[in-house]
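The structure under discussion appears below in the form of structure tokens.
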Amino acid sequence: MRREGSSCRIAVDVGGTFTDVVMESGGRHYTAKVLTTYADPVQAVMAGLERVMSLGKRPPTDAEILLHGTTLATNALIQRTGAVTALITTEGHRDAVEMAYENRFEQYDIDIDRPQPLTPRRLRFVVRERMNAQGEVLVPLDESSVEALVPALSEHGVTSVAVGLLHAYANPVHERRIARILEERLPDLSVTLASEVCPEIREFERLSTACANAYVKPLMSRYLNRFATELAARGFNCPFLLMTSGGGLTDVVTAARFPIRLVESGPAGGAILAGRMAEERGLDRVLSFDMGGTTAKICLIDDCAPQLSRSFEVDRSYRFKKGSGLPVRIPVIEMVEIGAGGGSIASVDNLARIRVGPESAGSEPGPACYGRGGRNPTVTDADAIMGRLDEGRFGGGAMTLDIEAAAAAVDGRVGNTLRMDTVTAAFGIGEIVDENMAAAARSHAAEWGKPLADRVLIAYGGAAPQHAAQVALKLGLHNVVIPLGAGVGSAIGMLAAPVSYEVVRSRYMRLSEFDASLIEEVSADMRAEARAVVGSATSAPLAETRRAYMRYVGQGYEIAVVLPDATNRAEVLREAFESAYRQLYGRTIPDLDVEVLSWTLALGSAAPAFRFVPGEDAGDPGIAPRGSMYDPVLNDLVTAPRFARETLVPGTLVEGPAMIVEAQTTTVVVSTFTATISPGGDILMTRAAA
């Protein structure tokens, strides 16, 4: 039984290398970072939970709620370890997922590497039926063609199926009938309907999203069931919510049904943290930088809010090339993600160039310096050699770094090949990964037409504070913020996220043929669906945000327009569209009709009040007051002071080169920066004027 006034809130972020856990109790926060256990990720989560509950002196019964983000769905898509998945579609459209956009995202590459569909052609089946774009039945569903697929699905060992029929977003009756037939004949088969997971126009994206959802659905269902069972067995009787890619929290039932909405759940938590920090500190233009063990994520934040989108690409085969990944249409915080984390593996290519990533050593075996049998040199090994990590406090003191193993790995794969000494080779690895991240930021900003100049870099994740100053130098930025608890920033952000859910409907309308009843009907339908999800997860008051995806007639793509409360006149929608269009393109097009393709409605609670307050006892943990550190500006090893972050009071000034060490990460202050501690405890690094 929970004691009066003793409740605590918990957030868990399962990453590709580390699993982060944060517990909020009595206004203070306790953190843990443990290596992710690939064979059974729940083991690492339970180890992290046990650690934070012990630090906070709380029994499991005190847990009020548990929030969870995970990269399991993303990793399954990238590594192709999901279910044996089939696609059932309309006769004549079997190859739509393979034809894709029929364009070349890399114009001059004659050996272009296109993303392979999750469903190979032998597992793509067709049924006889046809709808038109208005949802009117042209050819009734031939149920015998559905029945004929049952033996083939069993023969190929299919465990999950995506059903995506032409124009089913307008009328899902045929998809639903197919689902009922399959559930009757194959009760153990997992079924995903495109009309439920992505009820929007554009056939290729809808089918791709449905296939991706079907591909990871059995895996995520098993994981969530196992997670719930293990929580109950250990005395955690609280509800738990899942972080979605769009920055909200949803219930387990919805997450198990639509796991594709979780593909960016961990990084979304970090973007929420950066947005909240921007709001609290009055920062209008921010670049958030999240670097963990496996990947780096970069997000543009304007007016204290991350940029949102309804499309996302998983596993781009060309690092920054739009169109080279698997498209999914879900609500998502817009960010760029590259294989540049602490575990990213370094090598030398045929042109004698150092390359880093996207392959990662992960947590098994991990970087060579972990002493777990890793032999490949990684970014973390390079950081250890350059003195950027404190051997006594790495991973909260739970891991002792093996610097000799790191040096052997870097020499063996990089230094000896390029005839460099160990430190220079390590610097080369760091320089390449920093430039990769800076290039990703430049490309992302250019793609969205937003400048990088004068932005504040907010860095979090276990590896970001070691690289933030150098990335800022490459981008020409002058200010860097390292928040309290940066090493577990994404998990902290989950504690600041609202409960919310977004619904979409494609219903075509031209403003010249304005129909107020259509808007009322589609809004009521979306509101009911969103309320059914959100209402089961929170009893707090709910607010809604509606958007219309609009364009000028004849254009190929639409823009998102926030709808005003009064939408009963065409003039109101036109004014909202032209305002958004002008802000994006600097002009409008006179005397041209406007059309709406899709409508969305997001329903959610207010974000909870939040401020991170470390719960560990303050005091000098006994780190070495000085140590050898490679300064990339001076191009040399220097003797630099080391400070325990928890001993630095607000107003403290630290001049670079220096290191600020804490349990989950280390901040490197290079010689061109100074660092001060803000009243809230954040590290504010400022670049000296040239």
Practice prompt. With the side chain counted from C-beta on, respond yes when Cys369 and Thr380 share a heavy-atom pair under 4.5 Å apart, and no when they do not.
Written response: yes

Practice prompt. Using the ring of Phe227 (Phe, Tyr or Trp, six-membered ring only), decide whether Arg222 places NZ or CZ under 6.0 Å from its centre and within 45 degrees of its axis.
Written response: no

Worksheet item: Do NZ/NE/NH1/NH2 and the carboxylate oxygens of Glu435 and Arg442 come within less than 4.0 Å?
Response: yes

Worksheet item: Just by distance, do the side chain of Ser245 and the backbone of Val332 share a donor-acceptor pair under 3.5 Å?
Response: no

Item to complete: Please list, chain by chain and in numerical order, all residues satisfying side chain to side chain donor-acceptor pair (under 3.5 Å) with His174, sequence neighbours excluded.
Response: Glu129

Item to complete: Please confirm whether the backbone N or O of Ala496 pairs with a side-chain atom of Arg276, one donor and one acceptor, at under 3.5 Å?
Response: yes

Worksheet item: Side chains of His467 and Val433: does their closest heavy-atom pair fall under 4.5 Å?
Response: yes

Item to complete: May I ask you to decide if Leu77's main-chain N or O and Arg80's side chain share a donor-acceptor pair within less than 3.5 Å?
Response: yes

Practice prompt. Using the side-chain contact (heavy atoms from CB on, under 4.5 Å) rule, pick out the option among Val12, Ile492, Ile10 that qualifies with Val22.
Written response: Ile492

Fill in: Note: Arg202-Glu558 ion pair, threshold 4.0 Å (strictly below)
yes

Worksheet item: Side chains of Thr19 and Thr36: do they bring a donor and an acceptor to under 3.5 Å?
Response: yes

Worksheet item: Do the side-chain N and O atoms of Thr294 and Thr17 include a donor-acceptor pair separated by under 3.5 angstrom?
Response: yes

Discussion item. Please tell me whether Gln466 and Thr665 have a donor and an acceptor in their side chains that are separated by less than 3.5 angstrom.
Written reply: yes

Discussion item. Let me confirm one number: the NE2-CD1 distance from His444 to Ile338, rounded to the nearest 0.5 Å.
Written reply: 12.0 Å

Practice prompt. Kindly write out the residues that satisfy salt bridge (charged side-chain N to carboxylate O under 4.0 Å, His left out) with Arg121, not counting sequence neighbours, or none if the list is empty.
Written response: Asp95

Item to complete: Answer with yes or no whether the side chains of Lys297 and Thr295 bring together a donor and an acceptor at under 3.5 Å.
Response: yes

Fill in: Pair Ser506-Glu200, side-chain donor/acceptor within less than 3.5 Å
no

Fill in: Leu149 side chain reached by Ile88 side chain, heavy atoms, under 4.5 Å
yes

Fill in: Flag side-chain contact, heavy atom, 4.5 Å: Ser160 against Tyr215
no

Practice prompt. Check whether any side-chain N or O of Ser443 sits under 3.5 Å from a backbone N or O of Ala439 as a donor-acceptor pair, and report yes or no.
Written response: no

Worksheet item: If we only count heavy atoms from C-beta on, is the Leu241 to Thr250 side-chain gap below 4.5 Å?
Response: no

Worksheet item: Hey, does the side chain of Thr209 reach the backbone of Glu205 with a donor-acceptor pair shorter than 3.5 angstrom?
Response: yes

Discussion item. Once side chain to side chain donor-acceptor pair (under 3.5 Å) is applied, do any residues pair with Glu359, and if so which ones, sequence neighbours excluded?
Written reply: none

Discussion item. Checking Phe312 now: which residues fulfil ring pair (Phe, Tyr, Trp, His ring centres under 6.0 Å) with it, not counting sequence neighbours?
Written reply: none

Worksheet item: With Arg226, which residues qualify under salt bridge (charged side-chain N to carboxylate O under 4.0 Å, His left out), at least two apart?
Response: Asp40, Glu230

Worksheet item: Checking Arg375 side chain against Ala409 main chain: does a donor-acceptor pair fall under 3.5 Å?
Response: no

Worksheet item: Side chains of Asp381 and Thr378: donor-acceptor distance under 3.5 Å anywhere?
Response: yes

Practice prompt. Without swapping roles, check the side chain of Arg124 against the backbone of Arg94 for a donor-acceptor pair under 3.5 Å.
Written response: yes

Discussion item. I'd like to know if the side chain of His68 pairs up with that of Asp13 as donor and acceptor (distance under 3.5 Å, no hydrogens or angles considered).
Written reply: no

Fill in: Residues forming a salt bridge (charged side-chain N to carboxylate O under 4.0 Å, His left out) with Arg353, sequence neighbours excluded
Asp349

Worksheet item: Are side-chain heavy atoms of Ser288 and Met335 found at a separation under 4.5 Å?
Response: no

